[in-house]
Participant: 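Here it is, the structure in full.
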There are 2 protein chains.
Amino acid sequence: MPDQRVEATAASARPAATPAPEAKPAGANLLFLREEEIRAAQDLLFFAYRDFTGAADVILEELGMGRAHHRALHFIGRNPRIPVSDLLAILRITKQSLARVLTTLVERGYVTQAQGRDDRRQRLLSLTPAGEALERRLFARQRERLSAAYRDAGGAAVEGFRRVMRGIMDEAARSYMDRAEAAQDGAPAPSHAPAPRNGPQRG
Amino acid sequence: MPDQRVEATAASARPAATPAPEAKPAGANLLFLREEEIRAAQDLLFFAYRDFTGAADVILEELGMGRAHHRALHFIGRNPRIPVSDLLAILRITKQSLARVLTTLVERGYVTQAQGRDDRRQRLLSLTPAGEALERRLFARQRERLSAAYRDAGGAAVEGFRRVMRGIMDEAARSYMDRAEAAQDGAPAPSHAPAPRNGPQRG
DNA sequence: TTAATTAAGTCAACGAAGCTGACGTATACC
DNA sequence: GGTATACGTCAGCTTCGTTGACTTAATTAA
């Protein structure tokens, strides 16, 4: 098996990726460091997200489902009785895309749809016990990675992580997170609102 | 225009998502908080990554390219003269998938392929000046988000962010990041190795 | 009470970006 | 001289996003 031993590949002399270190005006170095810091952040986001999402793939594949199913399951689990439109606004996909995954989730008994009480046009989505069980299985895999990272990094780092991640997401997502957190602290039945948006909305 | 005013939707009495607060054995509450912390991390990763990647979409769309093109451009830009196989191992996609985006990047003059000197089978990839210019445009959009987040969160938070993100990615990605950082500090021509893997490798 | 708006579903078709399997070619290495 | 490696390519499939058009039921406003 070619075990991808890329070690020491391409160790040939390569023109350094860094600009020539000669004749830097004052401040340029700082600016450069800042740019490198941001580029490193791009790397961090790519790798961390790739491996975070990949963690649950084994289970998904054995069930013939994809990541889209997992995302729906996750957000329905976190927001019982969420209206379809709110879920759409969280995921930022079209209802046709959501319909595809939702159909299979309902057919296979992972998600139930209940008619809204005050607005009977709504179909409020919740996990069935089977859905909760599946979500927990998927969660367990990602939890391994995340809690190991949290444990190794320590509490202060986790708080920093939280702050930076919040800063990266848009205002709508931040206020969603705020409401989710408030709900966590015992507030009764908040809206799952993803907060006002602006983008397209076609379909 | 229906401005997605989801505010206060579904504020009907909903069975709390949280387990009934009565009769908690000692420690259960802590355990619960820890689980909620990890679930919140899932949310953070989803929203932050969604908006981070979305930031460059406007430019990509106007050029008729996708995120796959951006990823290739990014990692080629960060690793001039990278062999195809190393890029594949970083992106973790098949060469057929990479070929599709690479073909258009080369055709449109954003990327050049040079024959390897010590191993002439290799096609070492680099950005052309046009490719660098495009990458900078794309970078600028993401930079806005990232540097605002860094600025608002502060240096200590950024370090925590970095530590947690490193912890989430797998060992191979961590050692890639280490090597990239070392290269940054003036070491001459390191390998772009994504470090040994294990997964499939078919195709 | 009628008309407009909204929530949700559905059919059809398309595009981006993954995937597998099977080969071909040039180069390296033993 | 034979095997393994780096890269490219043809063909076809899957997931999951997209647009556009249209229906039904329920709510809301005129």
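Remember, predicted model here, so these are calculated numbers, not experimental data.
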Participant: Rounded to whole Å, please give me the gap between CD in Q113(A) and P in dA7(C).
Facilitator: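 That distance rounds to 17 Å.
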Participant: Using atom CD1 of I93(A) as one end and atom C1' of dT18(D) as the other, report the distance to the nearest whole Å.
Facilitator: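 These atoms are roughly 11 Å apart.
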Participant: Given dT10(C), dT27(C), dG18(C), which nucleotide is nearest the side-chain atoms of D119(B)?
Facilitator: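 Selected nucleotide (nearest to the side chain): dT27(C).
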Participant: State, without any angle test, whether D170(A) and Y176(A) hold a side-chain donor-acceptor pair at a distance under 3.5 Å.
Facilitator: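 The answer is no; no qualifying pair exists.
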Participant: Please determine whether any donor N or O and acceptor N or O are separated by less than 3.5 Å between the side chain of R100(B) and the base of dG18(C).
Facilitator: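 Indeed there is one.
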Participant: Let me spell it out: for each of A99(A) and V101(B), pick the nucleotide of DNA chain C with the closest heavy atom. Which residue's pick is nearer the 5' end?
Facilitator: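 So the residue in question is A99(A).
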Participant: Whole Å only: how far is the NE2 atom of H69(B) from the P atom of dG15(C)?
Facilitator: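 For the pair H69(B) NE2 and dG15(C) P, the rounded distance is 15 Å.
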Participant: Rounding to a whole Å, what distance do you find between R81(A):CZ and dA7(C):C1'?
Facilitator: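 In whole Å, dA7(C) C1' and R81(A) CZ are 16 Å from each other.
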Participant: Under 4.0 Å between a side-chain N/O of S97(B) and OP1 or OP2 of dA17(C), yes or no?
Facilitator: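 No, because none of the side-chain N or O atoms of S97(B) sits under 4.0 Å from OP1 or OP2 of dA17(C).
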Participant: Any base atoms under 4.0 Å from E61(B), or only sugar-phosphate, or nothing? Heavy atoms, all strands.
Facilitator: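 Touches nothing.
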Participant: To the nearest Å, how far apart are K95(B) NZ and dA6(D) P?
Facilitator: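 Atom-to-atom, K95(B) to dA6(D), this comes out as 10 Å.
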Participant: Looking only at the side chain of Q96(A) (C-beta and beyond, no hydrogens), which of the listed nucleotides dT19(D), dA22(C), dC16(D) gets closest?
Facilitator: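 Nucleotide nearest to Q96(A)'s side chain: dT19(D).
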Participant: When the distance from CG of L60(B) to C1' of dG17(D) is rounded to whole Å, what number comes out?
Facilitator: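 It is 15 Å, rounded to the nearest whole Å.
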Participant: For residues P80(B) and S126(B), report the shortest heavy-atom separation together with the two atoms involved.
Facilitator: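 Nearest heavy atoms, P80(B) then S126(B): C-OG, 4.1 Å.
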Participant: Over how many whole Å does the gap from L102(B) atom CG to dA6(D) atom P extend?
Facilitator: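 Atom CG in L102(B) sits about 17 Å away from atom P in dA6(D).
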Participant: Assign each of R121(A) and G66(A) to its nearest nucleotide of DNA chain D by heavy atoms, then name whichever residue's nucleotide is nearer the 5' end.
Facilitator: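 Final value for this comparison: G66(A).
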Participant: Using the side-chain heavy atoms of R71(B), tell me which of these nucleotides is nearest: dT19(D), dG18(C), dG8(D).
Facilitator: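 Of all the options, the side chain of R71(B) is nearest to dG18(C).
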Participant: Does S85(A) put a side-chain nitrogen or oxygen below 4.0 Å from OP1 or OP2 of dT6(C)?
Facilitator: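 S85(A) to dT6(C) OP1/OP2: no side-chain N or O under 4.0 Å.
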Participant: Whole angstrom is fine here: how far is it from CG in L87(A) over to P in dG9(C)?
Facilitator: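 One finds 11 Å between P of dG9(C) and CG of L87(A), rounded.
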Participant: Could you check whether H70(A) and D57(A), counting side-chain N and O atoms only, form a donor-acceptor pair closer than 3.5 Å?
Facilitator: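 The criterion, which ignores hydrogens and geometry beyond distance, is not satisfied for H70(A) and D57(A).
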Participant: With no hydrogens and no angle check, just 3.5 Å: does a side-chain donor-acceptor pair link T104(B) and R100(B)?
Facilitator: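 Per modelled atom types, T104(B) and R100(B) side chains form no pair under 3.5 Å.
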Participant: Can you tell me which nucleotide in dC16(D), dT27(C), dA7(C) comes closest to the side chain of R120(B)?
Facilitator: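 Shortest atom-to-atom distance from the side chain points to dT27(C).
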Participant: Considering the options L87(A), V106(A), L105(A), T112(A), which one meets the side-chain contact (heavy atoms from CB on, under 4.5 Å) requirement together with L125(A)?
Facilitator: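 The side-chain contact (heavy atoms from CB on, under 4.5 Å) with L125(A) is passed solely by L87(A) among L87(A), V106(A), L105(A), T112(A).
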Participant: If you only use heavy atoms from C-beta on, which nucleotide in dT27(C), dA26(D), dG8(D) is closest to the side chain of Q115(A)?
Facilitator: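 Nearest to the side-chain atoms of Q115(A), counting from C-beta on, is dA26(D).
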